[in-house]
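Below you'll find the structure, written out as structure tokens, and then a few comments.
Every chain is numbered from 1, with letters handed out A, B, ... down the list of sequences.
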Amino acid sequence: MNNFTDFQSQPPLLEVNNLETAFEIDGEWHNAVDNVSFQVKPKQVIGVVGESGCGKSVMSLSIMKLLPKGIGKIRNGDIKFNGKNLEKLNDKEMNKVRGKDIAMIFQEPMTSLNPVFTIGFQLSEALHNHFNISKQDARKKVIHLLDKVGISRPEKVVDEYPHQLSGGMRQRVIIAMAIACEPKLLIADEPTTALDVTVQAQILELLQELQTTNDMAIILITHDLGVVAETCHEVIVMYAGEVVEQTDVVTLFESPKHPYTQLLMQSIPRMDQEEEVLASIEGIVPSLKNMPRQGCKFVDRCPKAMDECRSITPQLKESSPGHGVKCLLYESSWEQEGMKAK
Amino acid sequence: MSNVVDIQHKEQSPPLPSNQETLLEVKDLKTYYPVKGGFFRRTVGHVKAVDGVSFSLKKGETLGLVGESGCGKSTAGRTILKLLKPSGGRITFDGEDITNIRGSRLRERRKDFQMVFQDPYASLNPMQMVGDIISEPIKNYYPRKKAKDIKQEVMELLNRVGLPEDAYHKYAHEFSGGQRQRIGIARALALKPKLIIADEPVSALDVSVQSQVLNLLNELQDDFNLTYLFIAHDLSVVKHMSDHIGIMYLGHIVEIADKKSIYEEPLHPYTQALISAVPEPNPKKKKERIVLKGDVPSPENPPSGCPFHTRCPVAVDKCSTIKPELKEVKPGRKVACILVD
């Protein structure tokens, strides 16, 4: 696994600045993604962790510009891919980016494939869209891709239908489809959640292998901290649409700072430890409509909450180089340290 | 809880682990689903979902059943509850052979074993208020009980599982996934069962909520001296909950032992692979991962010999012909593999 510092000098592949994505509920717009900024460097694997409803999937849909029209929109912020502002592209131009530059794989391998077309047809569709390629060549390429993602007997699978394949095989087909045009960035939204552990291990291994052979960056969206620890270089922890902590993977697991991250880490049962009682986070994530407008959004569930947490909205600040935390606890100490340094 | 039962529970001091009595004993349990096909939709074959499963469960203990999808763990749970008809074998519950009991006797016994389901969204009736959902089993079994007493009991149950009292008059859709699972647990507790079969009770929940529900299940076990059969696919969750663990593959238990042995020294190659495949939340730890090839074969057409030999990294020629028996290799440890002695 590469080190965090290896990536710092490179120009970013994807840059997201102050992204705000809102949904309309009962005539009012509510931010599902609130002021999110991060960068992805080439060949970097970034993990986005959070519970359901934290905005991690909406964020990836915003990057792909796949938000449901009329209900969801990007209110603010910009998304730059290789220096190009995706915000300004129209549908036709965006279609050229989707699949070719940025590809996405989804959680449900069952529903992301069309049941009435053969695997070969669905895979070559992507190739025909982006390249001027003959039918025979496309078929050869498809067989090669299926082979690359570890499907045995690809010459036969190419003419089969999705229902003839197992869950793990379908996810391999989806990955083959995503890497067909050799994208520079792959957004994987819970790619292994629907799979069994032994199959999950196969798929994660495949993703890591493709990441090195294809020089591909990956945004891995997941709720499984184990998956993050094993595959990612850098991690973004999201809560209620905001980034609450962001750092490299080793630092995050060794010294998590935000109370939410800390509790999240303590609430999972571990294989290598014995614990009597698991930590739990009281309550649930507030719904979009009931989200506090002011102060920290985690305040009602936070064991370390102070009075100020309700009135002062914390900012994502570096508590140490490369370690961003959005919590008042660290803001003050950071300011004090800054004062001392002066 | 009504006062009478409270006293009963207090009187039952938790028995010592060494001489606990067996609550559930399953011997060579088989559940086959018929496969219909051909002319007149005759039965042309069987899916051997559970094929010769044996284990015993002591009072107050938790047995975890782990395995990948399609390994028969849920079918095993449902067959023990007699929701499915066993095709063979024997189920002994609390000293009574319940394999073939029917009608009123089965109804009477059902009070003692209840189930917590996986999907908290599908397992609660959306047309019923929470109070009705939880009181339904009580009304069903004690039709002469006064409405006031039932309500009192339901309130205590709500309180015990950590739900507010006003939940009584709300509908299931007004609750989050974790709270719904609490409702499901309260319903399972309503008849004061001895055994609870929990089939993937937390797999639909977020991690922070998952830990709340796991902690609750553990507390309830101590309070009511419950025995759990805990079915799940997540090994770390099963390890947290169970005293003993059975690893299932294609309808068979391939290894069964206390949890410490299973995790520290797995003997069956499948157990070893399964444990090594779990991603651990520790980026610095490099583990030797055994990545299995291929998928689980279809239980309709299982491989000959050892069911695992098609994916087994250490399989030898004999494995495709000899079907290994689950035999005791060390006290309390049973493994079904011809290579383990």
Engaged part of V291(B) at the chain A interface, taking heavy atoms whose separation is under 4.5 Å: side chain

Name of the residue among L65(B), T271(B), L63(B), I262(B) meeting side-chain contact (heavy atoms from CB on, under 4.5 Å) with I256(B): L63(B)

L264(A), part contacting chain B, at a heavy-atom distance under 4.5 Å: side chain

Chain A contact via L214(B) - which portion, at a heavy-atom distance below 4.5 Å: side chain

Interchain contact, E205(A) with chain B, by part (heavy-atom threshold 4.5 Å): side chain

Chain A contacts, top residue of G70(B), S176(B), A277(B), S208(B) (heavy-atom pairs, under 4.5 Å): S208(B)

Parallel, tilted or perpendicular: rings of F308(B) and H268(B) (30°, 60°): tilted

Atom group of E276(A) that falls short of 4.5 Å from chain B, counting heavy atoms: backbone

Aromatic plane relationship, Y260(A) with Y239(A) - under 30° parallel, 30 to 60° tilted, over 60° perpendicular: tilted

Chain B contacts, top residue of Q266(A), R301(A), M265(A), E254(A) (heavy-atom pairs, under 4.5 Å): E254(A)

Interface moiety of L263(A) toward chain B, non-hydrogen atoms closer than 4.5 Å: neither

Atom pair CD1/OG of I268(A) and S236(B) - distance to nearest 0.5 Å: 7.5 Å

Geometric class of the Y161(A)/H163(A) ring pair [parallel <30°, tilted 30-60°, perpendicular >60°]: parallel

Side-chain donor-acceptor pair present, Q262(A), K304(A), cut-off under 3.5 Å: yes

Proximal component of K285(B), with respect to chain A [non-hydrogen, under 4.5 Å]: side chain

Interface moiety of I275(B) toward chain A, non-hydrogen atoms closer than 4.5 Å: both

Contact class of E280(B) relative to chain A, heavy atoms under 4.5 angstrom: both

Among the listed options G168(A), S52(A), A201(A), the residue most often paired with chain B at heavy-atom distances under 4.5 Å: S52(A)

NZ/NE/NH1/NH2 to OD/OE distance under 4.0 Å, K56(A) and E51(A): no

Distance-only polar pair, side chains of T192(A) and Q200(A), donor-acceptor under 3.5 Å: yes

